[in-house]
Structures are given as C-alpha cells and as structure tokens.
Amino acid sequence: MMNLTPTLQDCELLDQQDPLRSLRSQFDLPPGVIYLDGNSLGVLPKATPARVAQAVTQEWGTDLIKSWNSAGWFTLPQRVGDKIARVIGAQAGEVVAADSTSINLYKVLSAALHIAAADQPHKKTIVSERSNFPTDLYIAEALCKERGYTLKLVEAEDIATALQGDVAVLMLTHVNYRTGAMHDMQAVTAQAHAQGALTVWDLAHSAGAVPVDLHAAQADFAVGCGYKYLNGGPGAPAFVWVNPRHTERFWQPLAGWWGHATPFEFTPDYRPAPGITRYQCGTQPILSLTALDCGLDTLLAADRLGGMAALRQKSLALTGLFMQLVRTRLHGQGFGIATPALESQRGSQVSLTRAEGAYTIVQALIARGVIGDFRAGDGGQHPDILRFGFTPLYIGYADVWNAAEQLCQVMASGEWQDARFAQKHAVT
Ligand SMILES: *Cc1c(COP(=O)(O)O)cnc(C)c1O
C-alpha cells in the first residue's frame, strides 16, 4: 500500500482486482451492514438454511432414527473434523468437532496434566497469559484446584522466562482475542519442549483466520471454536486435536459413551475408542454440526483460489489498510492501536484503544451499520478495546474504507457522546 491515504476509489479498484472476491457471494450479508465481527460470530452462509432444513424435515422428520446410519449422523463429528484438519495443519482422522471450546479445553488440559504427571511428576505449574480469554483461565484455574497445580499468569513477553520454572503445561491462545497479537506457534512450542513442558493451543481466533500448521509446530494439543471464522452459527460445536503421539496415552476425563470403542455393545466398563474419537463425550448436536459443515465448505471453497495462504494475504492487506486509515484519518482523536504492526505477529483483527468512550463509540458505529465489538479493560495495563475483525472470505477493501469513514464521522459529529449509546447490554 502506498504512503498516501488510500481513497474509496483505490479500495474499489482493489476489490475489483481481488482474486478472492467471488467467495463473498457464498454469504447472506444483510444490506447496509459492514460486518466486522466475524471473529465473534461468523456470517450465515447462503447454503446453511436449506441444508439445515433438509436435516430437520428429511433426515429427522421422515427418516427419523435411521438417519444415524443413512444420513451419516454418527460419523458427522469426524467428517467435520476432517475438514477442520485441512485448515490447521492436521491429518484426517486427528480432529473431532464436538462440545464447546471450554469443554474441549478441559479435556485436553486434563489429559496433558496426566501425561506430564506420568513423565515428570514434580512439575506442578500451568503457565498461561494474563490476557488470555477468561474461560480458558477459569478452566485452568478449576483444574489446578482439583489437581493441586498452580496457575501462573504472565505477560506475553515473560513466557520464555516463566518456562524456566517447573512447568508441566504451557496453555496459550494463538491469537489474542483482545489485541489480535499472534504467537509464533512453532518457536514457542519449541521453547516449551526444550523446558520439558507440553503445549495446549487455543485456535479460537486462528482456525480459518490465519494459516496454522500443528504438525510443523509439533504442538501437543489444540482446541478451537466453530462459530467464529468457521462460520458454524451461534453455539456451533468446537473442535479438538491431539498430537497422535499423545492420543492414546490417556482416556480424557469426560469418558462418555461416544468416546467408547464399541458404544453399541453397551458394556458396563469403559474402553476408549482408538484415536481422537475418544475425545467425544456424549451425543453430539447434529443440527449444529450440519450448520458447521456448511460453514467449513465456505472456507474450503478458497482452496481452488490459493486456500489459507491467499486468505492470509488478503486478511493482512485488510487489517493493514484499516490501521493505515486510522493512523492517517483519525490522527489526534485519542485512538491507539493495540494490534501489532508487524504482519508476522498479527491475526485477522484490529483492536483500537481509547482512554474513554470505547464502548459508546462502538455502539454509535453499530447504529450506523458498522458492527464491531467492545472488550472491557482492567483499568490498568490492559485498556478498553474497540475490536474489528476482518474476515477475508466476505470483507472487501471498500468495506474497510467505509468503516473508517463512519468512524471518522462518529468522532467528528460527537454523536458517540450521546447518552443513548452509553447503555450497557448483557453481551458487548
Ligand atoms: C471464543 C473463545 C472461546 C469460547 O469458548 P466457548 O466454550 O465456546 O464459550 C474460548 N476461548 C477463546 C480463546 C475464545 O476466543
């Protein structure tokens, strides 16, 4: 991008030349909306309503219980998992789509602690990042209480130092949900392994957003979210991956019948299924899995256009453009940029900071059809955040320009100070 501030015409030209432009037509984007929250809830794919309706009326309504076999319901978690594997550098048969991110994190963290305890019983610490997503920290805190471990929270720059202690597991989210800062998974995993610690990676803001190669990184465990960049719909099932070197070393704590080797023999004792299937617990939500399957197809449609590498290139161009527009057009308006300028350290979102008004500015933007979100700070080192996600499947360059233009207008008009934008909703 040139140093001159790009114009709307420049951005429209970039859209015309965008080799991924056709992917946008897979989605039902509401008119008049610039949706910069695909990092929180991905957009509805056009194919999803009819496919889910078919699963309801035909598979459930007509075929009823036969559909566990005839419609392949029983193997859907594995089949969706195989599609997810393709965007996270895993092999077919190594991923299942199941349960929620929080629950899957409990499973893998528990398994990691069992393996660490067997190999190096003196290690009693889990290290994570203080600004990790809270549910990840809560799950770790609960497990630490249950098992007599200590959860040590550090800033990103202090992880290497923290690993020098007796660390059993390093649990990190690859792309930080607040700032969009991305860890070097391969380097951090190598650092952890050099200190004898196992790694648990949360890919909630990575899967479908940035290229991930779990095998190249030699990661140990990973979980991730279905309703963000995978476009699976509200509450979509999450996913879980375990490095094959660990999969069969421990059951997993929620040893339910769907993780049993032979669930339909109904034996009273548990025998874990081989491979990742043991990471299922009970009956999975087939309708939601069906919607997630459609969401993944929108992502895999990029394969013929260069796949995740091409999506990454566009995503970096979009986030780079937004940051450039903020720096030039909103100079002196009190905004900071929490997202790294360095491309290798950036996910697919841009987070702005502002000492006051972050919440009301987001609300004023939403009223204008520019949908981002707000994440509260802690009043100290971590400030309030205005978050903007740029999903390259359906966001274009002119969208970025128009979003920045709306932000300029919200600030210039002073409308963000309007009392009607100050009312806090339950979900921000
Ligand atoms: C979105 C997200 C979650 C969500 O967890 P749920 O169990 O789906 O509520 C967890 N961790 C991270 C890092 C996330 O970004």
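If you're wondering where the values come from, they're calculated on a predicted model, not measured in any experiment. For ligands, and for the atoms within them, numbers begin at 1 and follow the listed sequence.
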Practice item. Please step through salt bridge (charged side-chain N to carboxylate O under 4.0 Å, His left out) for the pair Glu415 and Arg420, ending with a clear verdict. Key: CA-CA 10 Å; Glu415 74 192 50; Arg420 78 195 147 110; 5.4 Å; no
Review point. Do any N/O atoms on Ser102 end up under 3.5 angstrom from N/O atoms on ligand 1?
Key: yes
Practice item. May I ask you to list the atoms of ligand 1 that are less than 4.0 angstrom from any heavy atom of Ser100? Key: 7 (O)
Check your understanding: Any ion pair linking Lys314 and Asp18 (charged N to carboxylate O, less than 4.0 Å)?
Key -> yes
Point to revise | Which of the ligand 1 atoms, numbered from 1, are nearer than 4.0 Å to a heavy atom of Tyr227 | key: 1 (C), 4 (C), 5 (O), 6 (P), 8 (O), 9 (O)
**Study point:** Evaluation steps, salt bridge (charged side-chain N to carboxylate O under 4.0 Å, His left out), between Asp99 and Lys107
**Key:** CA-CA 10 Å; Asp99 304 321; Lys107 296 175 199 167; 2.6 Å; yes
Review point. What are the atoms of ligand 1, with element, lying closer than 4.0 Å to any heavy atom of Thr173?
Key: 13 (C)
Review point. Do Gln284 side-chain atoms and Pro77 backbone N/O form a donor-acceptor pair below 3.5 Å?
Key: no
Check your understanding: Which atoms of ligand 1 are found less than 4.0 Å from any heavy atom of Ala204?
Key -> 2 (C), 12 (C), 13 (C), 14 (C), 15 (O)
Check your understanding: Would you call Asp399 and Arg24 a salt bridge, using N to O less than 4.0 angstrom?
Key -> yes
Review point. For the side chain to side chain contact (heavy atoms under 4.5 Å, CB included) test, which of Val223, Asp202, Asn132, Leu198 pairs with Met171?
Key: Asn132
Check your understanding: Which of the listed options, Asp136, Thr101, Leu172, holds the heavy atom that is closest to atom 11 (N) of ligand 1?
Key -> Asp136
Practice item. Provide the number and element of each atom of ligand 1 under 4.0 Å from a heavy atom of His205. Key: 15 (O)
Check your understanding: Which atoms of ligand 1 sit under 4.0 Å from any heavy atom of Lys228?
Key -> 1 (C), 2 (C), 3 (C), 14 (C), 15 (O)
